[in-house]
Each structure stands twice: as C-alpha cells, then as structure tokens.
Amino acid sequence: MGIQGLLPTLKSIMHPRHAQEYAGKRAAIDTYSWLHKAVLSCSRDLCHGRHNDKYIDYCMRRVQMLRYYGVQPVLVFDGGSLPMKSDQEIKRARSRKENLERALEYERLGNHSAAYECYQRAVDITPAIAFRLIQVLRQENVQYVVAPYEADAQLVFLALNRHVDFVITEDSDLIVYGCPQIFFKMDKHGQGVGFQISDITANKDIDLSDFTKQMILEMCIMSGCDYLPSLPGIGVKRSHGLIKRFRTYQKALKHLEAKGVLIDPQYEQGFHRAILTFRHHRVYDPVKKEMVHLTGVPSELDTNLDFLGPHLPQTTATAIARGEVDPTTFESFQDFSSSGRLVADSNATVQNGVSNKKVGFSAKKNLPAINSSRTHQHHRSGSRPCFQLSDLKAALVSFLISWGLVCILLACNPQVESLV
DNA sequence: CACTAGGGATACAG
DNA sequence: ACTCGTCCCTAGTG
C-alpha cells in the first residue's frame with residue numbers, strides 16, 4: 001500500500017509527537033487503519049459472519065483517548081472501489097479465501113494457533129463491519145463521513161478545506177495527495193510521528209528543496225503506486241534522481257528510452273491517468289452536500305474521467321456519506337439479515353441469532369451512560385446527521401468521558417498524575 | 001556500492 | 001463474492 005520506501009526517506013523530517021500536542025485541533029482519521037488492527041482480535045468470529053464488539057471497543061477507546069487530550073476526531077471511511085484496482089482486489093479476495101480454507105482445515109486438525117493466524121489473513125473488512133461502528137459513533141456523537149471512493153482523498157479534502165487541522169493515518173499516500181499535516185502511526189497511548197509538508201525542504205536523505213508539489217507527485221507515481229506499477233528496478237531513490245534531473249516524467253521517460261530501457265506503450269498514458277486520479281479524485285463535500293473533485297478540474301482538460309468512478313447524484317452521495325446505504329451496492333443498511341452469512345459457506349446459509357436488535361457499544365462501567373434516544377431523534381430531524389458540528393451536548397459528554405478516562409489512567413499509569 | 005524486490009516474522013486482546 | 005499491511009533483513013541487480 002502507498003508508496004514503498006517513501007516514509008523511510010523522509011525520516012529526517014518525521015518527528016515523534018504525542019496526541020496532546022494537537023490539543024484544541026480537529027483530526028480526520030483514516031478509520032481503515034484502525035479497523036485493520038482492530039479486527040485481528042476477533043477475526044475468527046468475523047470470518048464466520050458473527051458479530052463481535054471487540055473491534056468497536058478498540059476504535060472507541062482511541063476516540064476517547066483523543067477526546068481526553070482535547071483532539072476532536074472525525075472518522076472517515078472508505079467507500080466504493082475504483083475500476084483501476086479491480087484486478088488487485090480479485091487477487092486479495094482469492095488470498096482471503098485460501099486463508100479461510102486453511103484456517104478451517106487447521107481448526108479441524110485441532111491446531112488453533114495456526115488456524116487463528118490464517119483467520120487473521122482471511123478477515124474481510126466489509127461495509128457492514130464499518131456500519132456497526134458507525135452506529136456507535138452516532139450514539140456517542142462522534143463525527144464521521146463515508147467517502148464516495150478512497151478515504152485518502154476524502155481525508156485530504158477535509159484538511160485542505162480547513163474542516164480539520166490534520167490527518168491521522170498509516171498510509172504514505174496522504175503525502176502524495178498533498179496533505180499538509182499528518183500524524184502517522186499513532187498508538188493507543190497517543191504516541192506517533194508527525195509530518196508537515198512545510199518541512200520538506202529540510203529533508204536529508206533525498207533533496208526535495210527545489211521540488212514542486214507536482215514533482216513530488218510524479219516522483220511517487222514513478223516509484224510505483226496503487227494506480228500504476230513501477231518500471232522494473234525503479235524505486236523512490238531512482239525516481240527521485242530522474243525527476244530531479246529532468247523535472248517532468250515525460251522527459252524522464254524519454255531519457256530512459258534513449259538509454260535503451262523498453263517501456264510499455266501503455267505506460268505513459270497510465271502515468272497521466274494516475275496523476276489525474278490523485279489530483280481530481282471524487283470526494284464528498286459536507287457543506288455543499290454533494291460529490292466534488294478533490295481539486296477543481298481545469299476547463300481545458302478534455303480527457304474522459306471515467307476512471308475516477310461514476311459521479312453519483314446528490315441524494316445518493318449524501319446517503320453514502322451518512323452511512324445509510326452501502327457504498328458498493330447502494331443497498332440500505334437498515335436490514336441486518338444479510339450480515340449473518342457464513343463467509344466460508346458457498347451456499348450462503350444464514351446464521352441464527354445475528355439478525356436481531358442489539359448492536360450497541362457496551363459502555364465501560366467507569367464511563368457515564370449515554371442517552372441514545374435523543375441522539376436518534378437528532379438524527380431523524382435531519383439537521384446535520386453525518387457531519388455533526390460541535391454542539392454543547394457533545395462537549396458535555398466528552399467532558400464526562402474524559403473524567404472516566406482520567407480515573408482509569410490514574411489507576412494504571414502513574415505518569416499521568418502530573419497532568420491533573 | 002546503492003538500490004530494489006522478495007521472504008519471514010509479526011500484529012490484537014487480557 | 002461485499003475495502004488497503006508492514007517492518008526488517010538479505011539476495012540479487014544495475
């Protein structure tokens with residue numbers, strides 16, 4: 001994922017930071033990076049189509065941790081997938097299926113640890129799994145938005161338009177998309193590494209002092225990205241050298257061809273499409289309440305932009321953003337009867353006992369109970385469902401939750417005492 | 001020598 | 001038929 005080897009070359013401008021240094025700021029969170037780790041604790045249940053609250057607890061603990069340090073989180077979810085990545089996703093789906101079969105086989109033989117390892121590689125983070133979390137976010141008044149396509153672009157849109165101050169993620173693609181401020185690899189204690197684009201001129205390993213945004217974009221694509229594999233033997237260092245010398249990817253490719261490197265005739269067109277995909281990705285504008293491009297498409301650009309995925313009408317885009325309909329099937333999430341499928345079973349049998357009521361987040365005993373009936377009314381009223389801006393109730397709730405957390409932290413982490 | 005690509009170990013939770 | 005791994009080490013290549 002992302003750009004292989006990019007973050008290590010930027011090590012000199014990546015600084016250790018703590019969530020409390022972002023107090024008073026708003027953060028957009030790449031929720032997939034949380035879910036990916038969170039599902040490991042209950043991958044067996046999820047593979048069998050059974051619900052398990054553990055992954056929700058994982059995410060909510062992080063939400064509460066951020067709130068405790070005064071950071072206001074906005075959770076961003078992935079939406080539909082792009083046709084450009086379809087062949088890669090077929091491979092991944094096949095790999096998951098193979099791992100699931102192996103898990104079942106190990107389990108039959110009684111080797112539970114080996115089975116568990118395979119289950120972890122077999123988990124599929126479906127929109128239904130994300131939806132369970134979204135339901136809890138609504139109850140707890142946490143802001144969220146489901147992107148029409150890639151979450152990465154949505155995160156950067158929120159940052160560029162000042163809806164948030166920074167982005168929390170694990171993915172180096174955020175740099176390629178042009179995100180000004182990023183908090184990488186944040187752990188459960190709030191420790192991670194900070195990055196800001198304004199430091200880029202001071203980088204040591206590779207010299208980017210005279211690089212424009214466009215040159216950084218082209219350097220990253222040339223080193224191999226999700227939308228275009230790299231030429232053999234070309235990584236970050238060599239693509240950096242090429243772009244530094246020739247300034248544009250067209251000239252760099254000409255040079256390689258003159259040197260005798262044979263380049264697929266489709267490659268240059270693919271390169272152009274990759275650039276456009278990063279620059280003009282489709283995102284949801286929570287103010288206009290409609291689908292827009294990450295950055296405006298110039299009028300002189302006559303290229304067909306079908307590879308960005310279809311443009312969706314306003315009502316559909318909003319329903320997706322609010323998490324009311326599945327971004328891949330457009331089916332309503334109200335009905336849970338389809339979520340009880342045993343993934344391993346090709347006959348798609350429906351399990352008993354998973355299609356009913358209770359899906360709520362079991363609040364910790366130390367934390368105050370939250371009145372969910374009022375929040376539901378709020379949601380029904382339709383005033384601002386998916387992107388609830390700060391209101392008094394949320395502030396009060398987060399204050400109470402913070403106090404609960406203070407008690408927990410005081411009990412198990414003596415370092416925090418100095419804060420109070 | 002610098003760099004890229006691929007394999008192995010590993011993750012979460014309590 | 002429903003969404004993305006990553007780090008470290010090393011062999012092999014330009």
Side-chain angles (χ1 to χ4, degrees), chain A residues 1-9 11 30-47 49 52-59 61-62 76-82 84-86 88-97 100 113 116-117 119-131 146-153 169-174 184-185 187-188 205-206 222-227 229-242 256 259-261 325-331 333 338-348 412:
Chain A
M1 269 310 297
I3 309 300
Q4 267 191 16
L6 178 61
L7 296 186
T9 64
K11 203 179 72 180
D30 187 1
T31 310
Y32 182 89
S33 62
W34 284 4
L35 285 174
H36 175 254
K37 303 240 181 190
V39 296
L40 294 179
S41 61
C42 51
S43 50
R44 185 175 177 276
D45 274 345
L46 296 178
C47 282
N52 188 319
D53 273 342
K54 278 188 181 176
Y55 77 87
I56 291 176
D57 292 351
Y58 176 102
C59 294
R61 263 193 290 275
R62 294 202 170 202
V76 178
F77 294 83
D78 284 279
S81 53
L82 297 181
M84 295 181 80
K85 302 171 85 175
S86 60
Q88 198 181 27
E89 274 166 20
I90 290 170
K91 278 187 198 164
R92 285 178 181 135
R94 197 176 54 199
S95 165
R96 284 196 298 266
K97 191 181 176 188
L100 183 56
S113 61
Y116 210 72
E117 205 170 297
Y119 274 127
Q120 291 180 332
R121 307 176 90 110
V123 206
D124 188 12
I125 301 176
T126 63
I129 288 176
F131 176 65
V146 180
Y149 296 102
E150 303 271 315
D152 297 3
T169 185
E170 316 274 317
D171 191 348
S172 55
D173 270 344
L174 269 286
F184 283 107
K185 304 173 206 263
D187 65 15
K188 61 180 169 185
D205 190 349
I206 56 175
M222 188 171 283
S223 72
C225 67
D226 289 349
Y227 308 124
S230 71
L231 298 170
I234 303 288
V236 170
K237 298 288 177 66
R238 292 194 173 120
S239 58
H240 166 258
L242 287 165
L256 289 177
K259 246 179 55 178
V261 180
V325 302
D326 186 311
T328 59
T329 65
F330 303 123
E331 285 172 17
F333 270 126
S338 63
S339 65
R341 287 175 55 165
L342 181 64
V343 182
D345 188 354
S346 55
N347 295 329
C412 47

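Each chain gets a letter, A, B and so on, in the order its sequence line appears, and its residues count up from 1. Just so you know, these numbers use all the heavy atoms, side chains as well, and skip hydrogens, waters and symmetry mates.
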K.L.:
Let me know the distance between CG of A:Asp226 and P of C:dT3, rounded to the nearest Å.
P.N.:
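Interatomic distance, CG of A:Asp226 to P of C:dT3: 16 Å.
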K.L.:
List for me each residue that meets salt bridge (Lys or Arg N to Asp or Glu O under 4.0 Å) alongside A:Asp205, sequence neighbours excluded, and say none if there are none.
P.N.:
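By the salt bridge (Lys or Arg N to Asp or Glu O under 4.0 Å) rule, A:Asp205 matches A:Lys237.
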K.L.:
Take atom CG of A:Asp78 and atom C1' of C:dC2, then tell me their distance rounded to the nearest Å.
P.N.:
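One finds 13 Å between C1' of C:dC2 and CG of A:Asp78, rounded.
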K.L.:
Just the atom pairs and distances: protein N or O near nucleotides 5-8 of chain B's N or O, under 3.5 Å.
P.N.:
residue, atom, partner, partner atom, Å
B:dA5, OP1, A:Gly233, N, 3.1

K.L.:
Sequence neighbours left out, what passes salt bridge (Lys or Arg N to Asp or Glu O under 4.0 Å) with A:Arg44? Give chain and number order.
P.N.:
A:Glu107
K.L.:
Apply salt bridge (Lys or Arg N to Asp or Glu O under 4.0 Å) to A:Arg96 and list each qualifying residue two or more places apart in sequence or on a separate chain.
P.N.:
A:Asp124
K.L.:
List the residues meeting side chain to side chain contact (heavy atoms under 4.5 Å, CB included) with A:Ala122, not counting sequence neighbours, and say none if there are none.
P.N.:
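Expected list: A:Cys47, A:Asn99, A:Leu100.
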K.L.:
For nucleotides 5-10 of chain C, list the nitrogen or oxygen atoms of the protein found under 3.5 Å from its nitrogen or oxygen atoms, one pair per line.
P.N.:
residue, atom, partner, partner atom, Å
C:dG5, O4', A:His36, NE2, 3.4
C:dT6, OP2, A:Met1, N, 3.4
C:dC7, OP1, A:Lys185, NZ, 2.5

K.L.:
Using OP1 and OP2 only, check whether a side-chain N or O of A:Lys237 sits under 4.0 Å from B:dC3.
P.N.:
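Answer is yes, contact under 4.0 Å.
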K.L.:
I'd like to check the side chain to side chain contact (heavy atoms under 4.5 Å, CB included) partners of A:Glu117; sequence neighbours left out, ordered by chain and number.
P.N.:
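Partners of A:Glu117 under the side chain to side chain contact (heavy atoms under 4.5 Å, CB included) test: none.
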K.L.:
Could you tell me which residues satisfy salt bridge (Lys or Arg N to Asp or Glu O under 4.0 Å) with A:Asp226, sequence neighbours excluded, listed by chain and number?
P.N.:
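Checked A:Asp226 against salt bridge (Lys or Arg N to Asp or Glu O under 4.0 Å); matches are A:Lys85.
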K.L.:
Run the side chain to side chain contact (heavy atoms under 4.5 Å, CB included) test against A:Lys97 and tell me which residues pass, sequence neighbours left out.
P.N.:
A:Glu101
